[in-house]
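One structure is given here, and the rest of the page talks about it.
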Amino acid sequence: DPVNPPAFVVNLDLPEEQRWTEVALKYKQLVPDIYAIMKQFLPDPTISLPLIRKIAADVDKYLAKPYAGEMRGIAKTLNMSLGDVVTCNLLYDISAF
Amino acid sequence: CTSIVMQDANGTIWHARNLDYSFTEILRNISIRVDYQKGGKTAYTGITYAGYVGLVTGQRPNAFTMTMDERDQGAWWMNILIAILDRNASPVSFLLRDTLAMSENFTSALEKVAYTTTAASFYTIMGGVRVGEGAVITKGRVGPIDIWKLDAKSGRWYEVETNYDHWAPPPAGDDRRDPAIKAMNSMGQKSISKKSLFNVMSTPPVMNNKTTYTVVMSAAQPDIMEAWIRNP
C-alpha cells in the first residue's frame, strides 16, 4: 500500500549550514550509499568528476546562496566530502543530455 | 516522469505528478516531504530526497504549484561548462526552489522559470490559482522553446507532459502520454478529486517500476497536497 513520506520542517531562519541537520542525521545510514551509487551514473567520469570537483572546490563562487551553505552543512553532518554532495545535487544537470 | 496540470469544471487548477528515476528502491527510502518555514509559517512545500537541496516538485500555497520533468537534449559536457562559465546559469532544481521561494504568483513564476538561463534543458509543469493558470514550459538553456497554456474553452482542460516534447509523438517504447490521456478522458473534467487523480497516476505505465513517488496538489487548496511513496 502506498504510504506518505516522512515530513520535516526546514527552518529558513536558521543559518544555511544548520537547516538540514535533522534530515541528514535521520538518513545518515542511507544517504552516503545513494551518493556512492549515483556517482557511478555520471557520464564519462574521468572527465566529468574533475569538472564537478572544480565547482565543489569553489562552491560559493559557482552556486548561489543558500545552496552552497546548505550542502556544506549536509557534508559536515554526514562526514562526507563536499564534492560528493555537490555531485549528487547537480546530477540532473549533468545527466540530462 | 509524468506531470499533468488541469482545470476542473469549477475552474480550480489541479496538478499531479509521478517521479520516475533510476536507483528507484533507494530513492523510495529517502523520499521526504519538507515544509520550508519562515517565522514559523510555511513559505513553500516540496517533495524531495534526503540530501537533495533543490526541488523538482513543490507548492507555494495559494500561489502556484510546479514540477520538473527531464528533457534529454544536448551534451552533458555543455551542461557542466555552462555551470562553470556562466555565473548566471542556475542548476535546474535550484531554479525551481528559488522560484517557489521568491515568486508570489503564477505569472511571475512562469516568467522566472522560462527566462532564467539554466545549465540543462527541462520541462516545467505549472499550476496557479486562477482559471486558465496552467502551463507546460519546454525550456532550453537560455530561454523557453515553447510555452503551452491550458485553454479549457477550446477543450484543452488538461495537459500531460512526460519526457518528450508535447508536439512530437512519444517513442513507441516509452509511451506514457497516451495512457495518461486515456485515463484523464475516462475520469472526465467533472470528476477531478484527489482520489481520482491518484488513480490516474496509478495507471500502468503512467506508474511503472521506476516510479518513486506520486503527488497530487492544488495551489488554491494547499491542504490537498499529498505525496505517496510507490511500490508498484
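Every chain is numbered from 1, with letters handed out A, B, ... down the list of sequences. Every heavy atom of this structure was used, including side-chain atoms; hydrogens, water molecules and symmetry mates were not.
Neither the backbone nor the side chain of B:Y213 comes within contact range of chain A; no heavy atoms are under 4.5 Å apart. For A:K54, the part lying near chain B is the side chain, with the backbone staying farther off; criterion is any non-hydrogen pair under 4.5 Å. For B:D86, no part lies under 4.5 angstrom from a heavy atom of chain A. With a threshold of 4.5 angstrom between heavy atoms, B:S22 approaches chain A through side-chain atoms but not through N, CA, C or O. Heavy-atom distances place both the backbone and the side chain of B:F122 under 4.5 Å from chain A. For B:N231, no part lies near chain A; criterion is any non-hydrogen pair under 4.5 Å. Contacts of A:L30 with chain B are made by both backbone and side-chain atoms, with heavy-atom separations under 4.5 Å.
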Worksheet item: Please walk me through it: do B:I32 and A:Y27 pass side-chain contact (heavy atoms from CB on, under 4.5 Å)?
Response: CA-CA 10 Å; B:I32 57 174; A:Y27 289 91; 3.4 Å; yes
Practice prompt. Evaluate the side-chain contact (heavy atoms from CB on, under 4.5 Å) criterion for residues A:L12 and B:Y44: first the C-alpha distance (whole Å), next the side-chain angles of each, then the deciding distance (0.1 Å), finally the verdict.
Written response: CA-CA 11 Å; A:L12 299 172; B:Y44 55 102; 3.9 Å; yes
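Counting heavy-atom pairs under 4.5 Å between each of A:A64, A:C88, A:S48 and chain B puts A:S48 at the top. Taking chain A as the reference chain and counting heavy-atom pairs below 4.5 Å, the highest number among B:T42, B:I229, B:I26, B:D98 is found for B:I229. Annotation: maximal heavy-atom pairing with chain A below 4.5 Å, among B:R97, B:K38, B:M68, B:E226, occurs at B:R97. Annotation: maximal heavy-atom pairing with chain B below 4.5 Å, among A:L42, A:L78, A:D44, A:D58, occurs at A:D44. The candidate from A:W20, A:F8, A:Y67, A:Y62 with the greatest count of non-hydrogen atom pairs under 4.5 Å with chain B is A:Y67. When each of B:F23, B:F198, B:W228, B:Y21 is scored by its heavy-atom pairs under 4.5 Å with chain A, the top score falls to B:F23. Counting heavy-atom pairs closer than 4.5 Å to chain A, the top residue among B:A119, B:G51, B:A43 is B:G51. Counting heavy-atom pairs under 4.5 Å between each of A:D33, A:V23, A:L51, A:I74 and chain B puts A:L51 at the top.
Considering every non-hydrogen atom in both B:S31 and A:P5, the closest pair reads O-CB, 3.4 Å. Pairing each heavy atom of B:G40 with each of A:D13, the nearest pair is N-OD2, 4.4 Å.
Interatomic distance, A:E70 CD to B:Y52 OH, rounded to the nearest 0.5 Å: 13.0 Å. The OH atom of B:Y36 sits 12.5 Å away from the CG atom of A:N11 when rounded to the nearest 0.5 Å. Here the straight-line distance linking atom CD1 of A:I37 with atom CG of B:L27 works out to 9.0 Å at 0.5 Å rounding.
Between the side chain of B:D35 and the backbone N or O of A:V9 there is no donor-acceptor pair closer than 3.5 Å. In this structure a side-chain-to-backbone donor-acceptor pair under 3.5 Å is present from B:N79 to A:D93.
Surrounding NZ of B:K112 are more than 12 heavy atoms belonging to other residues, nucleotides or ligands, all under 6.0 Å away. Within a 6.0 Å radius of CG in B:N209, other residues, nucleotides and ligands contribute 12 heavy atoms or fewer. Within 6.0 Å of NZ on A:K76 lie no more than 12 heavy atoms contributed by other residues, nucleotides or ligands. Heavy atoms of other residues, nucleotides or ligands lying less than 6.0 angstrom from CD of B:E104 number 12 at most.
Looking at heavy atoms from C-beta onward, A:I47 lies out of side-chain contact with B:W77 at the 4.5 angstrom threshold.
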